[in-house]
Amino acid sequence: MFEYGWFHIAPWGAELSIYFFLIGMAGMSYALSTAPDLFGGKFEALRPVQTPGLLLALVIVGICAPLLILDLGQPGRFLYPIIYFHWTSPLSWGSVFLVLFTACIVGFYWAKHHGNRGDLLKPLAVVGSLLGLSMPLYTGLDLMVNTTREVWATPWMPVMFTVLSISSGTAMIALIAKVMGKTGADVMVILHTILLASVATTFALFLGLVVSLLYGSGEMQQGWQILNSQYGTQIWLLTFVVGILAPLGMLAMPAIGRQPTILVGAGIASMIGAFMVREVLLVAGQLPQLFY
Amino acid sequence: MAIGLQADPSEGVAGKKRWAMVVDLRRCIGCMACVAACKAEYDVPLGVWRTTVKVKDLGQFPNTKRQFMPRLCNHCDNPPCVRNCPTEATYKHEEGYVLQRYDRCIACRTCIAACPYNARHVLPSNRTRVKIGGVVDKCTFCEHRVSNGLVPACVQTCLGRSRIFGDLNDPKGEVHRLVSNSSTVTLKPEKGTKPQVYYIQPAQKITDQMSAPPVSYAAKADAEAFYRHNKGRQFFGGVL
Amino acid sequence: MNKHFPMSRRGFLKLGGSTAAVASALGASRLEAMEQELGGKDFSPVTGKLREAVPYTCLVCNIEDGGIAYVEDGRIVKLEGNPDHPGNRGKLCAKGNSGFLHTYDPDRIMTPLLRTGKRGEGKWKRISYDEATTMLAAKLREVIDRSVKANDPAIRNEIVFKWGRNRTGGAIQRLMGAMGSSAMVGHTNICESSKKIGLEPSWGPDIESADFQNTKYALIFGGNVTETAYFHNPNAQRLVDGVVGNKAKLVYFDPRHANTAKIADEWFAPYPGTDGAVALAMANVIMNEKLYDDAFIRTWTNVTPEQLTAHLKSYTPEFAEAESGIAAKDIRRIAREFATTKPATTFSYRGPCKHVYGSYQEAAIHMLNVITGNVEKKGGYCLPRGMGYGQPGPKPAGGKAASILGAPPTYPLAGHQVSTHMPYQLMKGDAKCSVLMTYYDNGAYTYPSSHVWEALLKDEKLIPFYCSFSPYMSENAELADLIIPDTTYLERWDPESMPSDLRPWLGIRQPVIKPLGNTQEWRMTAIQVAAKLDPDGSLGIKQYLNFKDGEEWVRAQFDGIPGLKEDGGFDYLKKNGVWPKYGKIDPVTGQIVDKNGDEVPADYGLHMKELSAAAMEGTTVEANGAIKKGGKTVGVRINGKNHAGFGTGSGKIEIYKEGWKKYGFNPMPVYKRLPSRDKKADELVLITFKVNVHTQSRTASVKYLAELYHKNPAWINPKTAAAKGIADGDLIRVTSTVGYIVTRAHVTEGIHPDVVAISTACGHNSYGRLAQLKMKEKPADYMLGGDADIDNNVWWDDKGVHPNPIIKLSVDPIGGSQGWYDTVVTVSKAQPTDKYGDVKASVEASMKDYEETLRLAYTGDLHKANHKEVDIDWAHLPELKAGGGH
Ligand SMILES: Nc1nc2c(c(=O)[nH]1)N[C@H]1C(S)=C(S)[C@@H](COP(=O)(O)OP(=O)(O)OC[C@H]3O[C@@H](n4cnc5c(=O)[nH]c(N)nc54)[C@H](O)[C@@H]3O)O[C@H]1N2
Ligand SMILES: Nc1nc2c(c(=O)[nH]1)N[C@H]1C(S)=C(S)[C@@H](COP(=O)(O)OP(=O)(O)OC[C@H]3O[C@@H](n4cnc5c(=O)[nH]c(N)nc54)[C@H](O)[C@@H]3O)O[C@H]1N2
Ligand code: SF4
Ligand code: SF4
Ligand code: SF4
Ligand code: SF4
Ligand code: SF4
Ligand SMILES: [Mo]
């Protein structure tokens, strides 16, 4: 007999990190797209990207739902989390939110363009944005509630995932604005401010995470070791340098950072980071116990 | 009703049963009879296990020491797997078992992620005899045997009589006696799962190890073969 | 097994009553603890339905534990230990639990096969059992006709039957006897024959029943009780009960850290082949320090303490330390502990005896129990208890001419054949074979220098016709001309008994289900062949195999067992699987208890039992006390009392063996330094071993077991490996004078630095797709097929490398046993062109080993040189006598 003859899988793979990434982006796109109707004022500048933003959210949801369903071993039972709703399971809540959020996107568009129901716009904007931003919140919670996986079981997760969604959603809207040539100064100011703030927050959160991984429980330290030994490039180059430091550098000086090309560049870089950090955290949370 | 449980913990509740297992590691000889019996009982396919017996060598020649560590689902009293399941496919029975409803499970693997003991697996659909597949499965404490007055299959065949099973709430029962009279430990008590599989005299290194990647070539090569075989398969995260 | 003490149940139970009262004190609290039943029924986890239960006897390995098979919709779905069985007490080991997979092995052969291509080419034609038995009968008839015509019974010995595992209860011998051939070759000399030969002349039976459960001190030499050995499952249970439950001390000797070392208080790694020196040194200490049982030695042995002390004089602990590497102070300490802790027992299996001169080593270990008076004591070293069953009448007289294959005259003391020599004897023309039949036999895999068997079986001149009865395409079966598949052990009839408990039992193997497909058990094949060979009965063969079927044959074997009929006879066994029923298993203690919860006691002191007046009738008493009847010793008279005694000529334990001396061997247990002890510093001794989850060549195709253990890298000590520049997992070459294999290093702290160990059970070049990891291939048309699990889910990719091609033939000249652990090898990093699994082995080199090992036989030129101390007339050793052995 040798040490081992049996092994376990890490249950969650790339489908989940892609989903986490995309759905967060959708939430922020929705929030930005509905901002002109919610806040008005300065946010009117975002009006030109409203329809593409909503469309983007819808497309993402359209990708995410099948992605999630196909990830199930029993795709035919995809409605079960709603039918047999289990209130202590974030996944059950997530499923409901996803449906409601999709309804908000469609509803908002309908109210605006077909239903002519201006009275619904504000409530839909508020509820939809909350739902949208609760999507990353719940994906983070999805990990966080695994109290037995210490790398995941920290409040960093939902907070960070939400902040990451804010940055990548903003980055995506910036990209759309650039492609559409609607890079007016006001738009750039809003997007730059949000992006800078979120990337800066990410920087702080990242450092905090690093510290808790480095000095946290034995399992966290193990996760940290796994990250460094197996996923060094992803965590240091792609997340930290490309995803955090680079955009911070590009955005630090408002004068430079508000140039559309720079802003979009910083946005894309932050998106790479936002994806990578989810990917590696998903993995690093699972691997420490793989051989237990 | 306790939060997230379909049944309250029954430990110490008068008139209720609380099934539990004691594994006396002094008596385990690593014979693997339990592993084979469990596989046969449920037609458990290759590559997944409801129970395993880990082996570890410690010390240096000629002071070599070998350790065996039988493992299975702990039928936790505070089971995170149950709490996180979106469909209540996995649930806690009032007598303590944590069980699966195959017809409800969507194989989202949330419960696998939640279990800190690697006690769960996704059942492959290609099996020898039984047709249930593509859902998550785990040790059931042999509920179908226990409710018929029998001990679990692994206990039944345990050559060392290392696995002892019974009602923890029965003060005259063997399990109750062992848990209250000997110094037993549970695995990862700090996780708050309240495991109901108790170990007598484990070697510290075996219970404490958070992660023990295989060290010997023999084990590493098997691990690589296992992950190579699974790569690209559904439910395989592609990690490693 | 123990023909010396056949015991009826009634007599047994009567004797048992006395100790019952002692156990009852615990009874009350025990009973209350019984909450859940241990077994005896089973339910489907899917439907909840109660499963049909059929008792049977296990034969995955050869311990013959009792089981209950559970059947669901005509399919065997689960096996479990028979709770009525005193040996295994309701439990099965990993192999036993997996045994039903033999039946459903998708690569199982489902129909007789006739070779169409060249031998070994793998081209087969499916034929019917009728055609196959007709063909075999014709081949046999040809030989018998020649014998009749030439009026030469020796010609019948050209019908050769080679078996490995034979649990037919004498059916094979009956068939061969009916045909008048003596060319029966069993596998025991690769198994444990020198243990048997170390014991039989010493005290009668071929094995001990160590009462581990009740002992306070167990000294085990190279018998890996918790993984292997006789009686793995029953003894493992008892050893744990003794060591953990009864707080006995366990000291284990094995160059390798086997799992038995896990529960041992102390593990010692002797240099291979030196256990005898250690045991003799312990005896030396016990004698010198007067820790021996004076009365027992004087009363019950054929030596005196003074003679023993004198004989052991040179075997000092320091001497043993120099030989074995085990510190003299440890040897002294353990000897004292062993002699002063009561009760105590030794146990040994293949480790000490499977060496050249292994018989001496076994006899030396046996002696430790004798001089400390632990024989037949509760918790001590007991005689095996078995029950006999015979063959029904009329019984064939057997072959008239002795066969050199069946009993090589050069090994007159080797009462269990010298099967390793068969290929060489045939190749050298010492014997002739016209029809070879093999049953449960896979020499081309399981024998030392296995390539020689392959060469033999491929040679159509030496083996003109070869029929295998294997249900699997083994290394041997691949080379057959005709395969008439047997059924698996869950589909046939056999009588059983094994001394796996101190309470004797009788068991039955019966078809749990109707044989799959149209397969038929070997008994049926034998009956049909006999009927076709001798259709009108004129050859006198058919009368001995005139059974309707296997059931009728085995029923006849069970008739006439005293006491069985009263309990319901054969039908009782069919219903319950084992007889008698001693009691119920206490779920808490695991012991067999009676209605009151008291342990059903065993019976001790069998040798002390007094012979009844009836038994004494017609006996004579010799000067040494031996009570004789019809030339046989039936007891011994001591101080005027007639005791049952031991199964030797004198009725006492014969530490001094006159029979050995006759041939120039030392009559006393001695230690002989082996050539492997004098290997060069950079060489290693290659040993081999079995593992807990496999049986010999048979289980690599059992998926649960293959998943648990599928590759067998070479165990090597870290220091040794480092000196050779070998790292864990490195590709290495292991080279003996026979050839080399390329395998991988398993660097482990669990092995002696001078030793490299490679297990068996892996590295098949045959035996179906799973054993060879060829799952991509489609099952052949003659196979059962159909296991989606095997087709899709096999995840491992290493099938191991078998060591047997490079293990040298070398045989103990006394017991005739193969010296499995005497091969000296070099281990080095593999050459750049070497591939994992490469094997090179030379038949010529093995031929030389054969000649070399014959030099050790009593007729050989090295014999006297190795036995200078023996005081006999060396010029007049007994003549070679065909049909020797006993
Ligand atoms: N699991 C399992 N059990 C079995 C069988 C099986 O195939 N599998 N087969 C059955 C059969 S047929 C047999 S014969 C028995 C054999 O049972 P065992 O004799 O117990 O088993 P082996 O592995 O053949 O050898 C025993 C041990 O001897 C050690 N050894 C080697 N050289 C020496 C030496 O010089 N001195 C000492 N002290 N030890 C040495 C080896 O390392 C090994 O651990 O097992 C029976 N039980
Ligand atoms: N390296 C190494 N070699 C060893 C040993 C070791 O420890 N190490 N151990 C040795 C020992 S102790 C022994 S006893 C031998 C055993 O070796 P063998 O006597 O050769 O016996 P097995 O390998 O048990 O089975 C032989 C063959 O029986 C056939 N068979 C299987 N099932 C059935 C059946 O139901 N019916 C019939 N008719 N045939 C069947 C198959 O063809 C199988 O290959 O091996 C020895 N070889
Ligand atoms: S051991 Fe794992 S699967 Fe079993 S109850 Fe606890 S958390 Fe759930
Ligand atoms: S895999 Fe099945 S049992 Fe596990 S959480 Fe998902 S639905 Fe529940
Ligand atoms: S209790 Fe039953 S299901 Fe659980 S490990 Fe034991 S045999 Fe398997
Ligand atoms: S059956 Fe019992 S003794 Fe054997 S490995 Fe399993 S727990 Fe240990
Ligand atoms: S030891 Fe295991 S394989 Fe051998 S007879 Fe017993 S249960 Fe069967
Ligand atoms: Mo054997």
Side-chain angles (χ1 to χ4, degrees), chain B residues 24 26-27 29-33 35-37 39-43 45-47 57 59-62 64-68 124 126-130 132 140 144-146 148-151 153 156-161 165-167 170 172-174 177 216-218 220-222 225-226 228-230, chain C residues 32-33 35-39 41 43 45-46 48 75 77-81 90-94 97-98 100 226 233 236-237 240 244 257 259 261-263 267 269 587-588 590 692-693 703-704 707-708 711 713 717 728-729 744 746 748-751 787-789 791-798:
Chain B
D24 187 344
R26 296 167 304 179
R27 300 188 71 106
I29 54 171
C31 67
M32 310 290 160
V35 177
K39 282 233 162 185
E41 184 77 28
Y42 298 96
D43 187 23
L46 299 171
D57 280 354
Q60 281 188 322
F61 182 88
T64 319
K65 277 274 161 213
R66 185 161 300 155
Q67 305 290 346
F68 298 117
N126 290 302
R127 298 172 71 179
T128 306
R129 184 168 60 75
V130 178
I132 300 163
T140 53
H144 72 292
R145 285 174 60 93
V146 174
N148 278 303
L150 297 165
V151 295
Q156 193 282 328
T157 204
C158 178
L159 291 199
R161 278 197 294 112
F165 186 86
D167 177 7
D170 175 1
K172 288 189 218 128
E174 180 73 355
R177 194 177 64 78
S216 67
Y217 171 82
K220 267 193 287 199
D222 265 2
F226 180 85
R228 219 177 299 128
H229 170 77
N230 279 297
Chain C
E32 280 182 277
E35 344 162 27
Q36 297 289 102
E37 281 189 57
L38 271 177
K41 47 186 172 172
F43 300 84
V46 178
R75 187 183 170 108
V77 292
K78 180 83 201 323
L79 303 174
E80 182 177 284
K91 294 174 186 294
L92 297 177
C93 76
N97 271 298
S98 311
F100 67 101
T226 65
N233 167 359
Q237 295 183 36
V240 175
V244 186
H257 193 280
N259 283 357
K262 185 264 175 180
I263 56 161
W267 166 56
V588 175
N692 47 7
V693 300
K703 61 180 181 175
Y704 297 161
E707 181 175 48
L708 282 162
K711 61 172 176 220
N717 187 283
D728 189 28
R744 283 188 193 279
H746 173 56
T748 164
E749 298 286 353
I751 188 138
D787 187 335
D789 190 22
D791 293 342
N792 294 283
N793 301 331
V794 175
W795 51 266
W796 57 98
D797 59 2
D798 187 345

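Each chain gets a letter, A, B and so on, in the order the sequences are listed, and its residues count up from 1.
Of the two parts of Leu92(C), the backbone and the side chain both hold a non-hydrogen atom closer than 4.5 Å to a non-hydrogen atom of chain B. For Val794(C), the parts lying near chain B are the backbone and the side chain together; criterion is any non-hydrogen pair under 4.5 Å. Only the side chain of His746(C) has a heavy atom closer than 4.5 Å to any heavy atom of chain B. With a threshold of 4.5 angstrom between heavy atoms, Val693(C) approaches chain B through side-chain atoms but not through N, CA, C or O. Looking at Glu707(C), only its side chain comes within 4.5 Å of chain B, counting heavy atoms on both sides. Proximity to chain B is absent for every atom of Asp791(C), based on heavy atoms less than 4.5 angstrom apart. When heavy atoms are compared at a cutoff of 4.5 Å, Pro124(B) approaches chain C solely by way of its side chain, counted from C-beta outward. Looking at Lys711(C), only its side chain comes within 4.5 Å of chain B, counting heavy atoms on both sides. For Leu79(C), no part lies near chain B; criterion is any non-hydrogen pair under 4.5 Å. With a threshold of 4.5 angstrom between heavy atoms, Arg127(B) approaches chain C through N, CA, C or O but not through any side-chain atom. Residue contact with chain B, scored on non-hydrogen atoms closer than 4.5 Å, involves the backbone and the side chain of Leu38(C) alike.
With Gln36(C) contributing its side chain and Val146(B) its backbone, the two residues share a donor-acceptor pair below 3.5 Å. Here the side chain of Lys262(C) pairs no donor or acceptor atom with the backbone of Lys65(B) at under 3.5 angstrom. Counting only distance, with no hydrogens or angles, the side chain of Asp728(C) and the backbone of Tyr217(B) share a donor-acceptor pair below 3.5 Å. A donor-acceptor pair is defined here as one N or O able to donate and one able to accept, closer than 3.5 Å; no such pair exists between the side chain of Arg26(B) and the backbone of Ile263(C).
In terms of heavy-atom proximity, Cys93(C) sits nearest to Ala33(B) at C-CB, 3.7 Å. The two atoms that bring Ala788(C) and Asn126(B) nearest to each other are O-CB, 3.7 Å, heavy atoms only. Ala40(B) and Phe100(C) get closest at one heavy-atom pair: CB-CE2, 3.6 Å. Contact record, Arg75(C) with Thr128(B): NH2-CG2, 3.4 Å, taken as the closest heavy-atom pair. The minimum heavy-atom distance between Ala236(C) and Leu159(B), with the atom names listed, is CB-CD1, 4.5 Å. Across every non-hydrogen atom of His229(B) and Asn792(C), the tightest pair is CE1-O, 3.3 Å.
Annotation: the span from Gln237(C) atom CD to Arg27(B) atom CZ amounts to 9.5 Å, rounded to 0.5 Å. Atom-to-atom distance recorded for Thr748(C):OG1 and Asp57(B):CG is 5.5 Å, nearest 0.5 angstrom. Separation of atoms CD (Glu80(C)) and CD (Gln156(B)) is listed at 3.5 Å; rounding is to 0.5 Å.
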Pair Lys703(C)-Lys39(B), side chain to side chain contact (heavy atoms under 4.5 Å, CB included): steps then yes or no = CA-CA 10 Å; Lys703(C) 61 180 181 175; Lys39(B) 282 233 162 185; over 6 Å; no
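For the set Arg145(B), Glu41(B), Gln60(B), Met32(B), the entry with the most heavy-atom pairs within less than 4.5 Å of chain C is Glu41(B). When the candidates Gly30(B), Cys158(B), Ala221(B), Gly59(B) are compared by the number of heavy-atom contacts under 4.5 Å with chain C, Cys158(B) comes out ahead. Of the residues considered (Ala269(C), Pro713(C), Gly590(C)), Gly590(C) shows the highest number of contacts with chain B, using heavy-atom pairs under 4.5 Å. The residue among Arg129(B), Arg177(B), Lys220(B) with the most heavy atom pairs within less than 4.5 Å of chain C is Arg129(B).
Trp795(C) has its side chain within reach of Asp222(B): a pair of non-hydrogen atoms, C-beta onward, lies under 4.5 Å apart.
Shown are Asn692(C), Val240(C), Asn259(C); of these, the side-chain contact (heavy atoms from CB on, under 4.5 Å) with Ile29(B) is made only by Val240(C).
Applying the side chain to side chain contact (heavy atoms under 4.5 Å, CB included) rule to Phe43(C) yields the partners His144(B), Asn148(B), Leu150(B), Lys41(C), Leu50(C); only residues at least two apart in sequence or on another chain are considered.
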